[in-house]
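None of these values were measured; they are calculated from a predicted model. Only heavy atoms go into these numbers, but all of them, side chains included; no hydrogens, no water, no symmetry mates. Letters A, B, ... are given to chains in the order of the sequence lines, protein chains preceding strands, and every chain is numbered from 1.
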Number of protein chains: 2
Amino acid sequence: MAVKSAGIRDVAELAGVSVTTVSHVLNNTPHTRVAEETKARVREAAKTLGYGPNRAAQALRTNRSGLVGLLSEEIATTPHAGRIILGAQNAAREHDLTLVIINTDRASGAHAHKDDVQALIDRQVDAVLYATMYHRQVSLPPNLQDLPTVLIDSTDKAGTIPAVVPDEVGGAISAVTHLVDAGHTRIGFLNNDDDVPATHGRFEGYRRVLEEHEIPYDASLVSSAPSETLPGYELAREMLSRTDRPTALFCYNDRMAMGAYRAATELGLGIPKDLSIVGFDNQELIAANLFPGLTTVALPHYEMGAWAVDTLVRLLRGEADHKPLAEEPKILDCPLVVRDSVAAPHAN
Amino acid sequence: MAVKSAGIRDVAELAGVSVTTVSHVLNNTPHTRVAEETKARVREAAKTLGYGPNRAAQALRTNRSGLVGLLSEEIATTPHAGRIILGAQNAAREHDLTLVIINTDRASGAHAHKDDVQALIDRQVDAVLYATMYHRQVSLPPNLQDLPTVLIDSTDKAGTIPAVVPDEVGGAISAVTHLVDAGHTRIGFLNNDDDVPATHGRFEGYRRVLEEHEIPYDASLVSSAPSETLPGYELAREMLSRTDRPTALFCYNDRMAMGAYRAATELGLGIPKDLSIVGFDNQELIAANLFPGLTTVALPHYEMGAWAVDTLVRLLRGEADHKPLAEEPKILDCPLVVRDSVAAPHAN
DNA sequence: TTGAAAGCGCTAACAT
DNA sequence: ATGTTAGCGCTTTCAA
């Protein structure tokens, strides 16, 4: 801190106008007419002084902190949170908002969540983003009621808060279509066994593609288990040991796909020569490091973060209506990420 | 926003004292004597009104925003950043500070970094944390000079900023000692080929353990390549194909270890039966999902984040001296995380 | 031991 | 088209 930085009155003085005019010019205050020539002079003065507004003074006066709270689960364990943060942050910067991130522990229940919200309220954030680490329904802490909120990767039970979620069905359609296009008709599906939207959505996508291509649905080609590596391995091992084994596997997520890779290897099945695999989630650390690279479906974390902030801003400005946004969650695309785990099936 | 929230004057009124007294009591202002009985009354009043200070007013008056900027690389790609954030955040909360995180693009050079720092300055942060995604030297943007700063996972070229880094040597010592303790004497080392502290530190740890146990150093057991999965695979494949192959492998990081797993599998070597492996970094997504679970060394990301904030606070309060902190980086332990990839070597 | 009052830098109602 | 001024809620100097 060499010199005390310039204030609005310094700018006013240098430009030879009043502080009011400076404020009007620099904020583009509506319903205010200032001569172009004066505007130019003010901006010039501000620039030469390196003027930047004192946020605290602004906040005090306008009663808006310019802070947006992001309540996020599991910051520390998956890169998913990182992408949401990045998307939200870039959007926030566009709107001159500052993101304050609080990690909230999913396990620790409503009580802790309330505390986390309180921490944000204490910091006087203007609004909050609530992000979960996988697509599901949440019930929000009651003290969030007073604050404009947008949900990321979740919907609320009451259906009263704007939300953005991934297109699970569409993602599964892309994945399975990719397999069908490669020539596969016997396609196994290793599904999650949790009762979450992704489980149902991805299954629906799978069914729809089969239907569309008039491939009969074979229930024995679908099995489910917890969406981890080991259960994925076990399921795949079992399904691939059969004489009428599928030529391709659509896996609920990349971790299950990782298990399937191991099963294939142990059974002497080459990927993608003898078995094609598609995953879901695009967890780079797994998908890009498996041999061969795993073709998978990306979740739009970045895009959800960005959409949420943009929507919050429009809500705050009254440019968007709360009601329609709250009634239907915004659904964002899950694009296919092609690597090297899919090929045409063997000629029989 | 139902009712306009209580201010200091409301508290004063309810307690039947002046705002001055309220301020003194609530801030524990030093050199101020208030009767215990009055204090109690004030606190009582504050509580019943649900009083919380207006941060903007405080900031305006005291010229301290209570904001700490965290400039972090690669938020979106690894969980490492997440752990640093978590550690920093928890420490920040202790001190009633708010963390503002900005993602900075490592690739985009000094110019972009300067902009990111400027964004923080514009937000009037009281101090900044600068975190890199792997241990290395950095040169800081010039506009950071005016702000109290602590480096996380890096040191600056000028050696003039307090910094905290992992104990690379110690981590490698733990890893290799673990192998030696299991009975291994032919221990291969798959190293990184970048000229970064980890490369040299982990190699030194490796050498030191051999020396300590009077195991002769065999240069043919050490090879290096870029620290990715594929090079790890290639190096391992080559080293394990030899007739005098090592019985254990110490890998520079978990990704190289993942490559080594594949090489072992292809060569029909069981882990840990025929080959023991230890990695480095403890990337859960890899280490916990490999078969068998990878024994590895954890980087103290959480701890570095927490230490950095604590140190910043002590610096800000004048409780710590800048000079000694700047001269020697703080070195934090890298603990061994034991899973299932290490066993005694085969009886020959 | 407590209180009165100035003022942080800005915005906006009002005046000119 | 531009200027004067009150006041946002708090901390802190000074006085009582």
Quiz item: Are OP1 or OP2 of C:dG3 and a side-chain N or O of B:T21 less than 4.0 angstrom apart?
Solution: yes

Practice problem: Could you tell me the separation between the NE2 atom of A:H31 and the P atom of C:dC14, rounded to a whole number of Å? | Solution: 15 Å

Self-check item: Side-chain N or O of B:S18 closer than 4.0 Å to phosphate OP1/OP2 of C:dT2
Solution: no

Practice problem: Look only at the side chain of A:N103 and the backbone of A:I75, and say whether a donor-acceptor pair between them is shorter than 3.5 Å. | Solution: yes

Practice problem: To the nearest Å, give me how far apart CG (B:L60) and P (D:dT11) are. | Solution: 11 Å

Quiz item: Nearest-Å distance, CG (B:N28) to C1' (D:dC10)?
Solution: 17 Å

Practice problem: Return yes if the base of C:dA4 and the side-chain atoms of B:T20 contain a donor-acceptor N/O pair under 3.5 Å, otherwise no. | Solution: yes

Quiz prompt | Interatomic distance, B:E13 CD vs C:dG3 P [rounded to whole Å] | solution = 13 Å

Quiz prompt | Distance test, side-chain N/O of A:T62 to OP1/OP2 of C:dT11, below 4.0 Å | solution = no

Quiz item: Can you tell me how far C1' of C:dT2 sits from CG of B:N27, to the nearest Å?
Solution: 16 Å

Quiz prompt | More than 12 heavy atoms of other groups within 6.0 Å of A:N63 CG | solution = no

Self-check item: Side chain B:Q58, main chain B:P53, donor-acceptor under 3.5 Å
Solution: no

Quiz item: What integer distance in Å separates A:L49:CG from C:dC10:C1'?
Solution: 16 Å

Exercise. Classify the nucleic acid contact of B:N63 as base, sugar-phosphate or nothing, counting any heavy atom under 4.0 Å across all strands shown.
Key: nothing

Quiz item: CZ of A:R61 versus C1' of D:dC8: gap in Å, rounded?
Solution: 6 Å

Practice problem: Compare side-chain N and O positions of B:N54 against OP1 and OP2 of D:dC8 and report whether any pair is under 4.0 Å apart. | Solution: no

Exercise. Would you tell me if any nitrogen or oxygen in the side chain of A:T29 comes within less than 4.0 Å of OP1 or OP2 on C:dA12?
Key: no

Exercise. Answer yes or no: is there a donor N or O on one side and an acceptor on the other, between the side chain of A:R41 and the main chain of A:A15, under 3.5 Å?
Key: yes

Exercise. Can you tell me the distance, in whole Å, between the CD1 atom of B:I8 and the C1' atom of C:dG3?
Key: 13 Å

Self-check item: Smallest separation among heavy atoms of A:P162 and A:T149, with atom names
Solution: CD-O, 3.7 Å

Quiz item: Hey, does the side chain of A:Q58 come within less than 4.0 Å of C:dT11's phosphate (OP1/OP2), counting only N and O?
Solution: yes

